[in-house]
Structure formats: C-alpha cells, structure tokens
Amino acid sequence: MKTIIRSTLGTLGLGLALGVSAGPVEDQAAFQKYYENKFPNTPVMDFQNGVYSILPEAREQWEAIEEFPPYEIAIENGEKLYHSKFANGKSLADCFGPEGAVRGQYPFWDKDRGMVITMERAVNECREANGEKPYGWKKGKIADVTAYMSFNSRGQEIKVDIPSDDPRALAAYEEGKEQFYTKRGQLNFACADCHMLTAGNLYRADTTSPAFGHATSWPVFRSKWQSMGTLHRRFAGCHTNIRANPYKAQGTEYSNLEYFVTYMSNGLEFNGPAARK
Amino acid sequence: MFKGLTVGLVAVAMSMGASAGASNVSSSKLIKEATAAYKQVSKDTGYQWTVSVKALKAAQAAFDKGKYTDAEAHARAAMDLIEATRLQAKIEADTWKMRVPK
Amino acid sequence: MSSIRIKAKERKGSVDVKTLMKHNMETGLRKNKDGSKIPEHWITDVTAESGGKTVFAAAFNTSISKDPYLAFAFAGKKGDTLKISWKDNTGKTDSAETVVK
Amino acid sequence: MDRRSILKAAGTISAAAAALAAFPRAVFAAYSEKAFKNPKVEDSLNELFGGNATTPSGDVKLKAPDIAENGAVVPIEVSTSLKADKIAFMVKENPNPLAIVADIPAGTEAMVKTRVRMGKTTQVTAVVSSNGKLYTASKEVKVTIGGCGG
C-alpha cells in the first residue's frame, strides 16, 4: 500500500513538473524535436547550416560561395588583430590562448557578475583590461577577430550551461525565452513565428531559416550587408524588419536571447564564420 | 487576440484623415502628449515600434514648418501606434507561452 | 597584405585555381548618403602567369560581384609558381604569387 | 592652375602609365570600352569576336541558379568540351550585358567560374569561341527582391 501511494505521488509530481513549469532541459528536447518533425529529411547535425539545411536550390549557390568564401578576408584581418600587441605589450592571445579557439565556451553565465558573457563581450573586456578601447559591437574589427577565433574553434560542441545553483541564470534564460516567443513590432511577429512555427515558409521572396542552428555560425558574411556582422547585428536587423526598435547590441535583452537560442542548439557544433545571403 | 490590434491599426488609418482647426497651440499640445505617451510605453513595455518614432518625427517636422494640420495628423497617428504597442504588450504578456512547444 | 588570395592545387596534371580579389567593384550606380553618385571603380583585367607564360586572362565589367572570385584550371604541376595580377580602371594594380600544392 | 598643380597632375599620369606598363598583357584581349560599355549584345560580340552569329550548342555547359539567392552575388560556371579560345558571359537585362571575357590559352581548361550581379530576372548566356565560330548556352535566372533576408 505504501509503495502504491508513493509511486502515485511520484507520478503526480512528474506530471506537475512537465505541465506547469518545464525546465530548460525539457524545453530544449521539445524544441529540437519540433524541428526534427517539421524537417524529417534534414539530418540533425545539418541544422547548423541554417536555411541551407532545408533548401537544396539555395544550398548549391551557398556551396559555390563557400568554395572561396568572402569571410576568409575577415579571418586574415582577424588573425592580424588577434596577435597585434596592445600598448602594454600584451595581445588578445594573452586572454584567449595562442589561437583563440574558445568559441565553445561562450555564451556562459558569469556567477560573480550575474550576467551572460558572450564571446564579443569577452574580447572587448580583454581589450579594456589592457587599457585598449573596445571595438564596436556589430561589425568591423569585432567581427574580424571573432571570425578568426570561431574559425579556429570549428567543430567545438555547443554545450551552453545553465547553472542550477544560481537562480539568476535560469531567470536570464527565461527572459531570452520570453523574448523569442513574444510578438513585437507593428508587423506583430515573434522570432518563433517566422523561425519556428512557419520556418521554411516564404515571406515575400525569402524563406525563413529554422531557429534550431541559428547561433552556430557567427560571425557571418551576409551578401545583403556585403560585410561581416555579429549575431546581435542580425537580431537588430530582424527587429527593424518587423518594425520594432532594436535593442542595444550586447545589452541584457540580446545577450539573454543569445543565451536561450544557443542553449536550444546544444549538441550541434560551432561552425562559424559562415556566408549567408 | 488579433482584433484589438486590428482595431488599433484601423484607428491609425482613420485618424490620418480627420483634423480641423489645428493651431500652433493645439498641435504643440498633441505632440507633447504623444511624446509623453511614447516615453511611458517605452518604460512599461521595454520596447517600441519603429513606425511610432517615425510618426513622432514627422509630426515635429510638420510643426516646425508651421503645417499644424499635418502635425496633428501625425501626432494622432503616433498616439494610436503607441497605444497599439501597449495593447500588443498586454496581449503578449501571457500569450507567448502558448507558442512554446511541449 | 596583397588584395589577392590564391588557392592552387594540382590534380592529375591539372592545376585547379581559385582566387578572390579584394576590391569594392563600384558600379557607378550606387549613391552616397548625401545623394551624390559613387564613381565607378572596378577591376578591368586579370592575368594569371605560370612558367613564364600566361595561363589565363580575363576582362571584367562592373557587373562582376564585389571582391571578385575567379576559378579556372590549367596544365601544370605541384611546385609550379603561379602569379595573378589585376588592374583597375584607375590604373591601380596588384599581384600575388603562390606555389601550386 | 598654378605650377604646383600642373606638376602634380603630370605625376599622376606618369604613375598611371608606369602601372599600365607593369601590367603583363601582350597578346591577350584587354578590357575594351566598346565591348563592355555597350547595351547591345550583338555589338559587344562584334567587338570581341569580329562577328555576332551564334549557334546554341549542347556542348556548352552553363551552370547558374534558377532562382538567385541574392542578385548581387550569383555564382556561375561555364565550361565546354569544345576547343575554346575565349569564353564570354552575358546578363541580358543588365544595362551593359557583357560581364566577363576569359582567354583560354592552349593547355588551359575551357572552364571559368565567377560571381556576377544581376538587377532583375534575366536571361543569361555563355558564349564560347571555338575555331572562329560562336557557340552558346542560355538559361533564365530569377532574381527576387524584398523579404526579410534580401
């Protein structure tokens, strides 16, 4: 009798946990399953190739661009910047090692400071700690340096952690999640509307990419920009498209959104930099 | 949940047409009200629509040129967009949870 | 640093060449923020030499994409030197050399 | 114009002349204003090849997308099994259709890949010059504008 009661309670407890407040682990499983069901022909690891994982015609052109990708110039610039000495004789290599192959460590939750640390932020904080001016957040040198670092980090597994011993980390994740699913702007779109519920549909002339794999390949050379840009540059562009004022690059909103979106892609590999349309 | 927003948007379209007896004083007041509403909604919701900003700027630009009728039309449009933003935020406060896959 | 990146690799007596040239390739149709036209500025000629002879040459219009990409293949072998040069409509030139892998 | 500016202008010219001299091109067709800044395909062909009679040929292979991802960067590839000495590529709806002419010396494969711009949906044509005749392959490339990404 005792055992029956206990197991009933146990089941109830589990039911409550799933129904009322699913945690990040359950969120992630459901998220990834959603895309696997929606695009059964796409091998799971291929989602890291963005819209090209679901569009064969566009993929051919992308592969032709990748034969000699435009971001190679950024990687070379980034390599020079990475190793060039600060006024104090140090360089970024003193912060991130000889090749900067640290992409897999970002973004992470910094318990001491109670905030999400992205790779871009870490680069600029290294510069500031050494008495240098920070780079801009969206394009130019920040994109070149992170292109070099990401290139040297290709193949690193995405394994964003939400430390269970710090409720603020979960709160940041939840904020990012709310941001992803909440409609914004005059056009009344949520990230999830285009990149989840109707991912792969045409919006005028463009097919929207699956959000599973969104955070893997940055920085990106976009043909539309004709230059490199960071993930937060793209976030801002998306918000402007739906006629919502963008948030500040590297502000809490976008950093938490990056935290959520990258966590959703756990298990894929970092494969940036990349070329996109 | 879409209805409220649609009403808001239709109201915007309608308010563009209506405006009579606009003056320096009345349009200045309207622009001030719209700007105050903009700031309040920004504070409450944490975001704004790009079109609201544009409408406010257009209102100020028209006012500066002495085109008070246009200024009032733009200010009213801005006000309606700002209200629609508030409505969107209100609807979304809970609705977003429905989009999370289980 | 040269504006030209070259990848040259031999495969059964044929050298596959891929090259990317950093150049804005201004069409003359784009405008500055103040509305003034950005003058056209583009690479007009590209030449590839190996073993003292020209193995490939091309002339471009402004319709070739920014940072032009070219790929071609010529008879050669590992260890050969390949030199690629470009010239633009303002008379500016650049060149780069690589050894075939 | 004062003396200083005259000297300066002269200096610019001689630098440009030096640059021209340094650029290796003897026997090969160089960029020509008449061929490239020309809205008419026929005129460009005349200028390049001394004639504009073309024959469609299955031996000319043209690889271009059906729908361009981005009109500013459209990857194309032209190749042929014919013995070619020149390959040209035209984008019909561009203000000046001729995009590129490539010289194919003996020993070089009759193949060229590049990326071109096209402003709108257009027919594109590869022209191969072989034994004094012109062979072509054409297809339509759709260029779409607008949307979130484009």
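These numbers were taken from a predicted model, which means no experiment stands behind them. The sequence lines fix the lettering, A, B, ..., with proteins before strands; numbering per chain opens at 1.
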Open item on the list: If you count heavy atoms of other groups shown closer than 6.0 angstrom to CG of Asn131(D), is the number above 12?
Closed with: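 No, the 6.0 Å shell around CG holds no more than 12 heavy atoms from other groups.
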
Open item on the list: Tell me if the NZ atom of Lys139(D) is crowded by more than 12 foreign heavy atoms within 6.0 Å.
Closed with: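 Result for NZ/Lys139(D): enclosed.
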
Quick one: pull up [atom1] in [X] and [atom2] in [Y] and give me the separation to the nearest 0.5 Å.
{"X": "Ser14(C)", "Y": "Met111(D)", "atom1": "OG", "atom2": "CE", "answer": "7.5 Å"}
{"X": "Arg117(D)", "Y": "Thr62(C)", "atom1": "CZ", "atom2": "OG1", "answer": "7.0 Å"}
{"X": "Phe74(C)", "Y": "Glu109(D)", "atom1": "CZ", "atom2": "CD", "answer": "11.0 Å"}
{"X": "Phe60(C)", "Y": "Ile100(D)", "atom1": "CZ", "atom2": "CD1", "answer": "4.5 Å"}
{"X": "Phe36(D)", "Y": "Asn61(C)", "atom1": "CZ", "atom2": "CG", "answer": "6.0 Å"}
{"X": "Glu40(C)", "Y": "Lys37(D)", "atom1": "CD", "atom2": "NZ", "answer": "4.5 Å"}

Open item on the list: For the backbone of Val55(C) and the side chain of Thr108(D), can you confirm whether one donor and one acceptor N or O come within less than 3.5 Å of each other?
Closed with: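 The answer is yes, because a donor-acceptor pair under 3.5 Å joins these two groups.
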
TODO: Please answer whether the main-chain N or O of Ala72(D) pairs with a side-chain N or O of Ser65(C) as donor and acceptor at a distance below 3.5 Å.
DONE: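 Side chain of Ser65(C) to backbone of Ala72(D), a donor-acceptor pair under 3.5 Å: yes, one is there.
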
Open item on the list: Taking every non-hydrogen pair under 4.5 Å, which of Pro75(D), Ser79(D), Ala99(D), Gly107(D) racks up the most with chain C?
Closed with: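 Most heavy-atom pairs under 4.5 Å with chain C: Ala99(D).
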
Task: Contact leader toward chain C among Ala102(D), Pro95(D), Ala35(D), where contacts are heavy-atom pairs under 4.5 Å - done: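 Going by pairs under 4.5 Å, I would pick Ala102(D).
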
TODO: Counting only heavy atoms closer than 4.5 Å, note whether Ala110(D) contacts chain C via side chain, backbone, both or neither.
DONE: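 Neither; nothing under 4.5 Å.
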
Open item on the list: Is Asn94(D) close to chain C through its backbone or its side chain, or both, or neither, when contacts mean heavy atoms under 4.5 Å?
Closed with: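 It is the side chain, since no backbone atom gets that close.
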
- [ ] Answer with side chain, backbone, both or neither: which region of Lys18(C) has an atom nearer than 4.5 Å to a non-hydrogen atom of chain D?
- [x]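 For Lys18(C), no heavy atom lies under 4.5 Å from chain D.
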
Task: Part of Leu20(C) within contact of chain D (heavy atom distance under 4.5 Å) - done: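 Only the side chain of Leu20(C) comes within 4.5 Å of chain D.
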
TODO: Determine, step by step, whether Lys113(D) and Phe72(C) satisfy the side-chain contact (heavy atoms from CB on, under 4.5 Å) criterion, reporting the C-alpha distance in whole Å, the side-chain angles of both residues, the deciding distance to 0.1 Å, and the verdict.
DONE: CA-CA 7 Å; Lys113(D) 286 192 214 183; Phe72(C) 56 92; over 6 Å; no

Task: Option in Leu29(C), Thr27(C), Leu70(C), Val15(C) with maximal non-hydrogen atom pairs under 4.5 Å from chain D - done: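 Looking at each option in turn, the highest pair count goes to Leu70(C).
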
Task: Winner by heavy-atom pair count (cut-off under 4.5 Å) against chain D, out of Ala71(C), Ala75(C), Gly76(C), Ser95(C) - done: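 Highest number of pairs under 4.5 Å: Ala71(C).
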
Task: Heavy-atom side-chain contact between Val112(D) and Phe56(C) under 4.5 Å - done: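 The answer is yes; the side chains approach within 4.5 Å.
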
Task: Check: Asp103(D) and Thr54(C) side chains under 4.5 Å, non-hydrogen atoms - done: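 SC-SC contact between Thr54(C) and Asp103(D) ruled out.
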
Task: Worked verdict on Tyr31(D) versus Asn89(C) for side-chain contact (heavy atoms from CB on, under 4.5 Å) - done: CA-CA 9 Å; Tyr31(D) 171 84; Asn89(C) 66 316; over 6 Å; no

